[in-house]
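Input: a single structure, listed below in C-alpha cells.
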Amino acid sequence: MAFSEFRPLDDKSLIEYIKAVPALSSILGNNVSDLSVKEVGDGNLNFVFILLNSSGSLVIKQALPYVRCIGESWPMTKERAYFESMALKEESRLCPEHVPQVYHFDRTMSLIAMRYIEPPHIILRKGLIAGIEYPLLAEHMADFMAKTLFFTSLLFRTTADHKRDVGEYCGNVELCRLTEQVVFSDPYKVSEYNRWTSPHLDSDAEAVREDNLLKLEVAELKSKFCERAQALIHGDLHTGSVMVTPESTQVIDPEFAFYGPIGFDIGAFLGNLILAFFSQDGHADQANDRKAYKEWILKTIEDTWDLFHQKFTALWDEHRDGAGEAYLPAIYNNPEVQLLVQKKYMTDLFHDSLGFGAAKMIRRIVGVVHVADFESITDADKRANCERRALNLAKMLLKERRKFEGIAEIVSAIREF
Ligand code: ADP
Ligand code: SR1
Ligand code: MG
C-alpha cells in the first residue's frame, strides 16, 4: 500500500503516490519526470486526475468524504469508491468493449486507477448540447445494458449467487439513500436543496408538491427502488456517465451501483435523452435550428429500447436452460408459457423504465443538481419554456406509464409536448 492512511491527493502528492505503486508507475514507463497531471473532475461527487507522459496514461479517481458539488456540508462515505471499483470490474468483465479497465484500487485511499478514455472521447451530455450525432450510441448502450443487467439477474444466476452479491452491495446504502432523497422525496416536498428557474417555474414546482397522484406513483417507484434486487444496476446511468466518439461508447462512474430494479438504469438513460431533446430549442440558433438533431435524438430513444429488448431477450433465449432460477426449465418448458413470461417481464420492465426515467427528469428540473443541457441555456425565459415542457411530459409519463404499449408511442408523446 502506498499511503498507510487516507489523505486527499493533489497534483504533487499524486506523483508520490504513483512512484510508490509499481503497478501504476510501470504504466507510465517508471518515469515521472515528464508527467503531466490535470484535475478534470466535472462530475458531482469526486476528484478525477488525468496522468499523461510519453510512455502512457491513466486516470486516478478519488472519493473525499463529502459531495463535491455541494461541499463539506453534505458528508458522504468515501467507501463509495469501493463499490465503484467492484462494479467497474464486474461491468468490464461482462462488457469490456464499453467499460474502462480498472488497473488498481486502494480502499484506504478511496482511490481507483483506470484506463484513460482518451480524446476525442467527450462526455455524451456535452456532445448532445453541441448537437453531435452518435450513430452507434443506441446499439452500444443497448449492448451494455443488456449484458450487465441480464448476466447479473436471476434469469442467468442461481438464487444463492444472487443473494451473496445482493448482500455485498447492500453496503452501498449511503449512495442508495442519496438517490432515495434526491429522486423520490425532495422534489415532492419543501427541501433546502430544491431549485428551479424562478420565478418562471414557481407554480410548476408547487404543483409537483401538491399533486397527489404523482405522490402515489412516486411512492410505488421508491418502494421498487428500495426493495427490488433485480440485477446489479449502474445506478447513475445519465448522459454524464457516458463518454463517446462517433465510433466508441464508454460507460464510467458506477459508484451508485447496487442490486436494484433494471428499469432504473434504462430509465436514467432514456430520461436524460428526453431532457436533451427538450433542451434543443434553447440551443437552436440561426446557423442550426436543431430540427434534424431532435429527430436523431428521438430515433436514438426508440432504437435504444428496441435494441435493448432484442438483445436482452436473445440472451434470455440463449441461456434458457442454464443456471438461472427465475423461470426453471422444468416449469416453463413449453413455447406458449415461455412467450407469456417473457412478454410480462418485458412489459413490466418497459413501464418501470418509463416511471424511473420520468422521476429522474423531474428531479433535474425542480430538485437538487440540474443538468447542463438546461443550465447552459442562458436566457431564463427560453430555459424555463424548455424545462416546463420536459416537466409536463415527465409528470404525464409517471402517472400514465402503464397505458403505453411501445416506445413508438413514447416518441409520439414527446412530439406532442
Ligand atoms: P463523479 O463521480 O464526480 O461524477 P465522474 O466519474 O463522472 O465523476 O468523472 C468526472 C469527469 O472526469 C468525467 O466527466 C470525465 O470528464 C472525466 N473522467 C472520468 N473518468 C474518466 C476516464 N476513465 N477517462 C477519461 N476521463 C474520465
Ligand atoms: C447531491 S445529488 C448528486 C447527483 O450526482 C450524481 O451524478 C447523482 O445523479 C446524484 O443524484
Ligand atoms: Mg459522474
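By convention here, the first residue in the shown sequence is residue 1. Order of appearance sets the numbers: ligands from 1, and atoms from 1 within every ligand.
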salt_bridge(E409, K403) N-O dist < 4.0 Å: no
Salt-bridge contact E220-K215 (side-chain N to carboxylate O under 4.0 Å): no
N272 (side chain) donor-acceptor with A268 (main chain) under 3.5 angstrom: yes
Pairwise side-chain contact, L397 with F404, heavy-atom cut-off 4.5 Å (strictly under): yes
Beyond-backbone contact of F350 with I407, side-chain heavy atoms, under 4.5 angstrom: yes
Closest contact, heavy atoms only, M145 versus T304: CE-CG2, 3.7 Å
Between F49 and Y116, ring centroids under 6.0 Å: no
Mind listing the N or O contacts between ligand 2 and protein, cut-off under 3.5 Å?
{"from": "ligand 2", "atom 1": "5 (O)", "to": "N44", "atom 2": "ND2", "distance (Å)": "2.8"}
{"from": "ligand 2", "atom 1": "7 (O)", "to": "N44", "atom 2": "ND2", "distance (Å)": "3.4"}
{"from": "ligand 2", "atom 1": "7 (O)", "to": "D236", "atom 2": "OD2", "distance (Å)": "2.7"}
{"from": "ligand 2", "atom 1": "7 (O)", "to": "H238", "atom 2": "NE2", "distance (Å)": "3.3"}
{"from": "ligand 2", "atom 1": "9 (O)", "to": "D236", "atom 2": "OD1", "distance (Å)": "2.7"}
{"from": "ligand 2", "atom 1": "9 (O)", "to": "R364", "atom 2": "NH2", "distance (Å)": "3.0"}
{"from": "ligand 2", "atom 1": "11 (O)", "to": "R363", "atom 2": "NH1", "distance (Å)": "3.0"}
{"from": "ligand 2", "atom 1": "11 (O)", "to": "R363", "atom 2": "NH2", "distance (Å)": "3.1"}

Heteroatom test (N, O or S) for D253 near the Mg ion (ligand 3), limit 2.8 Å: yes
Identified side-chain hydrogen bond (donor to acceptor under 3.5 Å, both in side chains) partner of D281 from the options K291, K382, K294: K294
Aromatic plane relationship, Y17 with F3 - under 30° parallel, 30 to 60° tilted, over 60° perpendicular: perpendicular
Parallel, tilted or perpendicular, as decided by the 30° and 60° cut-offs, for the rings of F151 and H319: perpendicular
Residue shell around ligand 1, heavy atom under 4.0 angstrom: V40, D42, G43, N44, L45, N46, V48, V59, K61, M114, R115, Y116, I117, I123, M243, I252, D253, E255
